[in-house]
Amino acid sequence: MLACSLQACSQSNPTNKPSNNQDTTKHAMSDPKNAKYRKLTPEEERVIVNKGTEAPFKGEYYQNFAKGTYVCKRCGAPLYRSSDKFDAHCGWPAFDDEIPGAVKRIPDPDGERTEIECSRCGAHLGHVFTGEGFTPKNERHCVNSISLVFIPADSTATKK
């Protein structure tokens, strides 16, 4: 099952470049002229903007189970609560629910997976899977750590 989970989250396009059948139009909100976003490193941009995938078991938040909120790395929108995080043993942070309205679901061009993006800015987060039976909600948001910023529950700091 671990091999299936790893394969399911990894991108089918190893170069992380759009294939000929992918829509390469940008979201209106992804234009830096339309909104203020954090400056991204080249690796963050590869995943968040160009829909890449970080290596499994390497992300900053894979084994983070502290109480708090996960927000979008690019725009700071709240996406996930730590209470919805679980260990799916897949190599990436896994959540069985999102903050209502925070995540947009888009069918992948391959027809096999569903991409998840930040509803506010269109940042690529990862993929969502249903029917695996990991939790009673029967849903797994497989999210790249690099797409997130964790705000501890005891933190009074706000992230933009």
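Position 1 is the first residue of the sequence, and the numbers go up from there.
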Could you measure the distance from the CG atom of L125 to the CG atom of L79? Nearest 0.5 Å is fine. 5.5 Å
Measure from the side-chain N and O atoms of N138 to the backbone N and O of G133, and report whether any donor-acceptor pair falls under 3.5 Å. yes
Can you tell me how far apart CZ (R81) and OG1 (T69) are? Round to the nearest 0.5 Å. 7.5 Å
Backbone of Y62 reached by a side-chain donor or acceptor of K85 within 3.5 Å: yes
So V143 and F95, do their side chains get closer than 4.5 Å, heavy atoms only? yes
Stepwise side chain to side chain contact (heavy atoms under 4.5 Å, CB included) test for F86 and D96: CA-CA 7 Å; F86 68 98; D96 67 358; 3.8 Å; yes
Taking K51 for its side chain and E115 for its backbone only, find out whether a donor-acceptor pair lies under 3.5 Å. no
For K73 and V47, run side chain to side chain contact (heavy atoms under 4.5 Å, CB included): C-alpha distance rounded to whole Å, both residues' side-chain angles, the deciding distance at 0.1 Å, then the answer. CA-CA 11 Å; K73 169 82 57 94; V47 174; over 6 Å; no
In terms of heavy-atom contacts, R38 and G76 come closest through NH1-N, 3.8 Å
Answer yes or no: is there a donor N or O on one side and an acceptor on the other, between the side chain of T114 and the main chain of R105, under 3.5 Å? no
Before you tell me yes or no, could you show the steps for N144 and H124 under side chain to side chain contact (heavy atoms under 4.5 Å, CB included), namely the whole-Å CA-CA distance, both residues' side-chain angles and the distance that decides it to 0.1 Å? CA-CA 9 Å; N144 292 291; H124 174 72; 3.9 Å; yes
Can you tell me if NZ on K137 sees more than 12 non-hydrogen neighbours from other groups inside 6.0 Å? yes
Please confirm whether the backbone N or O of D84 pairs with a side-chain atom of D97, one donor and one acceptor, at under 3.5 Å? no
Roughly how far, to the nearest 0.5 Å, is CG of D108 from CZ of R113? 4.5 Å
Is any side-chain heavy atom of R140 closer than 4.5 Å to a side-chain heavy atom of C90? yes
Between E54 and G59, is there a donor-acceptor pair closer than 3.5 Å when you use the side chain of the first and the backbone of the second? no
Mind telling me whether F129 and H127 have parallel, tilted or perpendicular rings, with 30° and 60° as the class edges? tilted
Which atoms form the tightest heavy-atom contact between A66 and S82, and what is the distance? O-CB, 3.2 Å
Looking at side-chain heavy atoms only, is the closest gap between N64 and P93 below 4.5 Å? no
Between D87 and Q63, does a side chain to side chain contact (heavy atoms under 4.5 Å, CB included) hold up when you go through it step by step? CA-CA 8 Å; D87 190 356; Q63 290 297 316; 3.8 Å; yes
d(S119 OG, I99 CD1) to nearest 0.5 Å is 11.0 Å
Could you tell me how the ring of Y70 sits relative to the ring of F150: parallel (under 30°), tilted (30 to 60°) or perpendicular (over 60°)? tilted
Treating Ile, Leu, Val, Met, Phe, Trp and Tyr as nodes and any side-chain heavy-atom pair under 4.5 angstrom as an edge, say whether V149 and I146 lie in one connected cluster. no
Parallel, tilted or perpendicular, as decided by the 30° and 60° cut-offs, for the rings of Y80 and H141: perpendicular
How many angstroms lie between atom CD1 of I48 and atom SG of C118, to the nearest 0.5 angstrom? 10.0 Å
Check: E112 main-chain N/O paired with D110 side-chain donor or acceptor under 3.5 Å: yes
Approximate separation, where rounding is to 0.5 Å, of F57 CZ and W92 CH2: 7.5 Å
Return yes if some donor-acceptor pair links the side-chain N/O of R74 with the main-chain N/O of C121 below 3.5 Å, else return no. yes
